[in-house]
Amino acid sequence: MAILLIVLVLLILLDFLKNKKIFTPGILFNGIFFVTLFLYSFQLSYIQHDLLPRTVAILFLCVVGFNIPVFLCYFTKATVRLVPKREFALSDVRRRNLCLVAIVLFLIQVVYSGGVPLVWRLVGDERTYFDFGIPSFTGVYYGFIIVLGAYCLFKRGLDKYVYLAIGLLMVSRQVLISIVVEGVIFKLLTMRKLTWKFYLLLIIGVIVGILGFSALGNFRTGEDGFLSVAQFKPEYDWIPTSFKWLYSYLCFSVSNFNNLVSMSAGGVNFGSSMMSELVPTVLTDLLNIKPLYDPYFLVCPNFTVSTFLPPVYLDFGMFGCFFFCFLLGCFMQRVYRNVRVRANHENKLVYAVFAHNTLLLFFNNMFLYLPILAQFIFIPLLFKRVKKKESVGLQGKKLTVGNA
């Protein structure tokens with residue numbers, strides 16, 4: 001694995017020297033791969049084992065697959081052409097109306113569920129956040145509040161606090177993390193110049209986020225309960241629990257995938273694993289879509305995340321993982337180029353979703369997760385756009401302007 005880590009460092013350095021930015025596709029993908037695998041190499045927990053050669057080979061193929069289209073695109077020139085410019089518009093009135101819609105839809109689910117997870121937890125109710133909301137509809141609703149929360153996160157107004165409060169009431173770390181991650185990426189893309197003050201605030205925000213992630217996890221699970229199942233080695237008792245929470249969500253997922261690789265050569269389900277995650281259960285039952293092979297591969301039943309790879313691997317094997325990352329690199333680089341060529345808020349929000357999914361690759365495959373996919377529908381629907389034609393170059397500089 002040492003060779004893979006060295007390759008990742010070289011790719012990160014080359015990307016930064018080329019682009020001088022910290023949010024490019026290459027930096028995000030190679031960065032999260034490096035951080036996760038570097039942390040995993042310390043093996044702080046008994047849950048972790050040495051990675052199999054086949055596992056390392058799959059991870060290497062993923063890195064190669066993603067970086068081929070990304071770096072090819074970095075070193076090719078964009079052509080100047082006549083494109084429709086989309087002015088992104090979300091008035092204060094429309095923002096307030098959308099916020100009211102979010103509140104009403106949330107209250108409907110509260111009535112349907114007979115309460116909210118935060119209150120259930122406080123009063124000792126046995127129900128959890130899994131019992132909240134209307135099936136299938138709640139997943140789409142999550143996407144609705146995530147995209148609005150991310151857009152409003154650094155803007156004036158109280159609506160961002162509404163979306164964060166909804167995520168807190170649902171005790172959903174996923175909603176809160178998605179709003180913050182996408183909001184930060186969106187802010188990075190909209191800032192004309194990144195100052196040292198912003199980087200300082202970003203570092204402070206990351207620290208506060210880790211502490212908040214840990215606090216919410218301790219609230220839902222309990223610190224003692226978490227430490228007992230995480231099985232950290234005694235020599236690492238000095239490490240704060242807040243870091244151990246983050247470490248467990250990053251690294252134990254790799255342990256789960258490594259265990260799956262030890263059980264199967266993959267390539268046996270031919271798409272049914274991915275369809276089962278992507279399509280609502282009602283439809284999979286109706287269409288009789290069931291994986292032929294569905295092994296139990298969790299190293300510890302308390303840690304259910306297993307990276308983005310298991311459904312892809314079970315469906316199409318090692319080279320399916322390569323092809324998935326190759327397609328991800330193609331699409332992500334295309335969206336990033338759209339941001340550079342047509343720097344409107346719509347393109348930036350779409351890229352923020354891709355960046356979010358990339359940063360959470362070692363959590364789950366968010367491209368198969370309904371709340372995230374719903375955002376690709378909400379982004380063009382929720383915001384009013386005014387079109388006019390103009391020729392643009394790679395940096396978005398206007399060359400000619402005409403009426404649409």
Side-chain angles (χ1 to χ4, degrees), residues 23 84-111 116 118 132-134 137-192 194 198 201-202 205 208-209 212 335 338-339 342-357 366 369-388 396 404:
F23 47 77
K85 180 183 178 183
R86 296 177 177 179
E87 298 290 354
F88 196 89
L90 187 60
S91 65
D92 291 340
V93 173
R94 191 173 177 85
R95 275 178 60 183
R96 286 195 296 268
N97 290 339
L98 289 172
C99 187
L100 288 174
V101 170
I103 293 172
V104 170
L105 294 177
F106 177 69
L107 293 177
I108 290 173
Q109 294 179 92
V110 171
V111 173
V116 293
L118 181 61
F132 178 79
I134 303 169
F137 172 80
T138 302
V140 177
Y141 175 74
Y142 283 174
F144 180 77
I145 62 174
I146 288 171
V147 70
L148 288 172
Y151 177 78
C152 300
L153 188 62
F154 290 97
K155 296 184 180 297
R156 294 180 180 179
L158 299 176
D159 43 355
K160 57 178 171 286
Y161 300 112
V162 172
Y163 303 124
L164 291 171
I166 290 174
L168 186 61
L169 288 170
M170 294 186 296
V171 196
S172 175
R173 283 182 293 183
Q174 182 57 60
V175 169
L176 295 172
I177 290 171
S178 296
I179 289 175
V180 172
V181 171
E182 291 183 20
V184 169
I185 297 294
F186 182 65
K187 180 64 175 178
L188 286 169
L189 293 170
T190 53
M191 291 184 68
R192 292 184 178 181
L194 299 177
F198 179 80
L201 289 174
L202 186 60
V208 172
V335 174
N338 286 344
V339 171
R342 290 170 286 182
N344 58 57
H345 287 187
E346 182 183 2
N347 286 335
K348 292 173 182 176
L349 266 181
V350 171
Y351 183 76
V353 178
F354 270 91
H356 163 273
N357 294 3
M366 292 297 170
Y369 188 48
L370 182 59
I372 301 303
L373 290 179
Q375 293 183 79
F376 292 117
I377 299 174
F378 285 129
I379 289 171
L381 288 181
L382 294 180
F383 304 97
K384 185 178 179 181
R385 291 167 293 168
V386 180
K387 295 183 180 179
K388 62 181 180 179

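Not measured: the values here are computed from a predicted model.
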- Task: List for me each residue that meets side-chain contact (heavy atoms from CB on, under 4.5 Å) alongside I377, sequence neighbours excluded, and say none if there are none.
- Result: L381

- Interatomic spacing from CZ in F186 to NE2 in H356 - rounded to 0.5 Å: 15.5 Å

- Heavy-atom closest contact (L189 atom, V339 atom, distance): CD2-CG1, 4.1 Å

- Message: So which atom in A102 and which in I166 form the shortest heavy-atom distance, rounded to 0.1 Å?
- Response: O-CD1, 4.3 Å

- Query: Quick one: does F106's side chain get under 4.5 Å of V110's, heavy atoms only?
  - Reply: yes

- Item | Any V184 side-chain heavy atom under 4.5 Å of V180 side chain | yes

- Message: Quick check: do V140 and F378 have side-chain heavy atoms less than 4.5 Å from each other?
- Response: yes

- Message: Using every non-hydrogen atom in the two residues, find where A374 and G143 come nearest and quote the distance to one decimal.
- Response: CB-CA, 4.4 Å

- Are F137 and F144 close enough that their ring centers fall under 6.0 Å? no

- Query: Does some side-chain heavy atom of I145 sit less than 4.5 Å from a side-chain heavy atom of M170?
  - Reply: yes

- Message: Let's go through V353 and N357 carefully: what are the C-alpha distance in whole Å and the side-chain angles of both, what is the deciding distance for side-chain contact (heavy atoms from CB on, under 4.5 Å) to 0.1 Å, and is it a yes or a no?
- Response: CA-CA 6 Å; V353 178; N357 294 3; 4.3 Å; yes

- Query: Got a second to check how far S178's OG is from I372's CD1, nearest 0.5 Å?
  - Reply: 4.0 Å

- Please report the shortest heavy-atom distance between I179 and I146, naming the atom on each side. CG1-CA, 3.8 Å

- Task: Grab the two heavy atoms, one from Q109 and one from G133, that are nearest each other, plus how far apart they are.
- Result: OE1-CA, 3.7 Å

- Message: Tell me the closest heavy-atom pair linking L382 and R94, and the distance in Å.
- Response: O-NE, 2.8 Å

- Task: Starting at CG of L349, measure out to CD1 of I379 and round the result to the nearest 0.5 Å.
- Result: 5.0 Å

Extract all donor-acceptor atom pairs below 3.5 Å that involve side chains of residues 157-165 and protein atoms in other chains or at least two apart in sequence.
unit_1: D159; atom_1: OD1; unit_2: R95; atom_2: NH2; d: 2.9
unit_1: D159; atom_1: OD2; unit_2: R95; atom_2: NE; d: 3.0
unit_1: D159; atom_1: OD2; unit_2: R95; atom_2: NH2; d: 3.0
unit_1: K160; atom_1: NZ; unit_2: K155; atom_2: O; d: 2.5
unit_1: K160; atom_1: NZ; unit_2: G157; atom_2: O; d: 3.0

- If you round to the nearest 0.5 Å, how far is OH of Y369 from CD of Q375? 10.5 Å

- Message: Just verifying a value: how many Å separate K187 NZ and F23 CZ, rounded to the nearest 0.5 Å?
- Response: 12.5 Å

